[in-house]
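Down below is the structure, laid out as structure tokens.
So you know, we letter chains A, B, ... as the sequences are listed, proteins then strands, and number each from 1. Quantities reported herein were computed from a predicted structural model and do not represent experimental measurements.
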Amino acid sequence: MIGGPGACRGIGAGDRVHVRGWIRTRRDSKAGLSFIQLHDGSCFDSVQAVVQSDLPNYADEVQRLTTGCSVEITGTVAESQGKGQSLEIHAESVQVVGWVDDPETYPVPAKRHTFEYLREVAHLRPRTNTFSAVARVRHSLSQAVHRWFHDNGYFWIHTPIITGSDCEGAGEMFRVSALDLANLPRTEDGEVDFSEDFFGRETNLTVSGQLNVEAYCLALSKVYTFGPTFRAENSNTSRHLAEFWMIEPEIAFADLSDDADLAEAFLKGIFETLLAERPDDMAFFRDRIDKGCIDRLEHFVSASFERMDYTDAIAALEAAVASGTKFDFPVSWGIDLQSEHERWLTEEHVGRPIVVMNYPKDIKAFYMRLNDDERTVAAMDVLAPGIGEIIGGAQREERLDVLDRRIAEMDLDVSDYWWYRDLRRYGTVPHAGFGLGFERTMAYATGMANVRDLIPFPRTPNTATF
RNA sequence: UCCCCUGUAGCUCAAUUGGUAGAGCGAGCGGCUGUUAACCGCUAGGUUGCUGGUUCGAGUCCAGCCGGGGGAGCCA
């Protein structure tokens, strides 16, 4: 049975098995037997072992087993007399591998816990059925990401984790330094002298692999990155982490419409795989976390995305205001959409994911391609009910003169972007890509409400215990 | 960073207007002829986050600090 998904397939009554795992519960019958519920994480279900009192260590050890103890059990598979499982193991030996040293204070006994509490015992929460299901879904979805890209001709590019600071556009960054903080080298005008630092310059943890992956896109045509990303923003919400995983594909000879097509095909592909590969875990999320999660995904893979121009989205919002919908923030062309606006569009207005395209240039990044109207850029956001923005993407500005103009307009230093500009000087082509937050995608798939419960060891402001 | 909520047994929560801190689960012990997060009985378990204040009296009211959560902004 041990050995991964499907390992218990083909096992039937009469087979001898050897199982190893952790006790979830023990139930005694003084008729002279105990029932042990054992899980090893290989799938959602645990297995029941029936232990007779004539085992030599029954009184001394078996009856002292509590939730969390690790054991090895050898026995024979048999049809179960009880309800709740078709097969069970009749134990011939139960060997205790590790005791729980104080059952009274074992942090995760077999009972309901709040997710907030379990975050404080993040090293033990994978033993609960919720967090082992999250871990398996995370694995399957990760594998599905790589498989989908591979099957569609994309190459996985490992973009750097440590980046030169001045090539990034977005967000607060975590500094990477080997300098002695108690004895910082200074320049003549008193600034920290980073030329003395390990890399001879300021460096930070990456906030996006996009600029780097564009370079590989303009050589390999279809590429993506999938790795950790870091933002030192003091964001305290259920949708933000200081360390999260991001998927960033980039396609050459492509425009914004191709980009939206890619986002749609990709999301449908990985959700189809998830539904096919993790039915047991998804059934758990449906039954215990979010009734609609499976229906939502099934609908998602069969329906087309709603696509809407920013300008039309604003018109729809203005019409809603005119007919009585109340928003805290006023709506007019040129604003960045607020969370409440995005939520209304995806939850109320269309009731499913929506791609909003062609935003005003003044609220978007310098690298996004300027549209012919000179007022908007070829940017898109994919909004999903319940979590808001899960994808932000754009067609990139491939024209060097326009790119330079945009860099100047935004008061950026053109010399910082010398290699990025080279990509426009040497065989430039239209290209596009997007960033997809992996934990937000998981939140959408499982119905789990907080991204802190979708990554094994979440990093948030003031929290990096594990 | 701002706004709101919150902190009581290992965990989840009660505690009337400010008047003797309680229950369920978990744990220990006992009972129960195959149980399903079993069931029945008994027992143990508390500096009510911390510091100060008001009061005859504070879990309850006030102030500050610390922790947790939700929302906003930023974004993915």
Side-chain angles (χ1 to χ4, degrees), chain A residues 23-37 39 45-53 63-64 66-68 78-85 88 90 100 102-121 124 128-129 169-172 207-210 228-248 288 328-329 336-340 342-343 363-365 381-384 387-393 434-444 449-455 460-463 465:
Chain A
I23 306 274
R24 186 150 280 151
T25 62
R26 187 196 87 234
R27 299 178 293 273
D28 293 333
S29 166
K30 282 295 156 55
L33 66 168
S34 294
F35 300 92
I36 286 175
Q37 213 67 37
H39 68 99
D45 289 316
S46 53
V47 67
Q48 171 167 287
V50 184
V51 186
Q52 301 288 340
S53 61
Q63 288 201 299
R64 288 175 47 224
T66 56
T67 304
E79 303 280 342
S80 179
Q81 298 172 31
K83 297 167 187 168
Q85 63 281 316
E88 63 191 16
H90 290 177
V100 166
D102 181 9
E104 164 86 34
T105 56
Y106 179 59
V108 284
K111 68 182 296 286
R112 274 195 180 283
H113 298 95
T114 61
F115 292 146
E116 291 79 12
Y117 166 71
L118 289 170
R119 280 171 216 150
E120 296 169 13
V121 288
L124 295 170
T128 66
N129 50 21
E172 295 293 311
V207 295
S208 165
Q210 181 204 314
T229 309
F230 309 87
R231 305 263 169 102
E233 277 149 10
N234 190 12
S235 296
N236 293 284
T237 83
S238 58
R239 307 179 306 283
H240 289 86
L241 294 163
E243 177 181 297
F244 64 100
W245 284 59
M246 189 153 65
I247 297 156
E248 295 174 284
R288 296 298 183 89
D328 291 337
F329 292 85
D336 205 354
L337 296 178
Q338 302 292 321
S339 289
E340 57 174 349
E342 295 181 342
R343 192 170 301 151
I363 58 173
K364 290 294 181 181
D381 283 350
V382 178
L383 314 176
I387 33 174
E389 186 181 340
I390 57 172
I391 283 180
F434 63 78
L436 170 67
F438 188 56
E439 289 76 18
R440 289 185 185 178
T441 307
M442 288 188 60
Y444 182 73
N450 195 318
V451 292
R452 293 166 205 172
D453 298 324
L454 294 161
I455 190 168
T460 53
N462 284 314
T463 308
T465 308

Please compare A:Met246 and A:Glu116 by the position of their nearest nucleotide in RNA chain B and report the one closer to 5'. A:Glu116

Would you mind telling me which residue lines up with the more 5' stretch of RNA chain B, A:Phe244 or A:Gln338, judged by nearest nucleotide? A:Gln338

Show me the protein contacts with nucleotides 9-11 of chain B, counting only N or O atoms at under 3.5 Å.
unit_1, atom_1, unit_2, atom_2, d
B:G10, N7, A:Glu104, OE2, 3.3
B:C11, O2', A:Lys111, NZ, 3.3
B:C11, O2, A:Lys111, NZ, 2.7

Base, sugar-phosphate, or nothing for [X], non-hydrogen atoms under 4.0 angstrom?
X	answer
A:Ser238	sugar-phosphate
A:Gln85	base
A:Ile391	sugar-phosphate
A:Arg343	sugar-phosphate
A:Thr463	sugar-phosphate
A:Asn450	sugar-phosphate

Watson-Crick or G-U counterpart of [N], or none if no pair lies under 3.5 Å:
N	answer
B:C39	B:G31
B:C25	B:G10
B:C61	B:G53

Nearest-Å distance once atom [atom1] is located in both [N] and [M]:
N	M	atom1	result
B:C56	B:G68	P	38 Å
B:G69	B:C29	P	36 Å
B:A9	B:U48	P	10 Å
B:C39	B:U60	P	36 Å

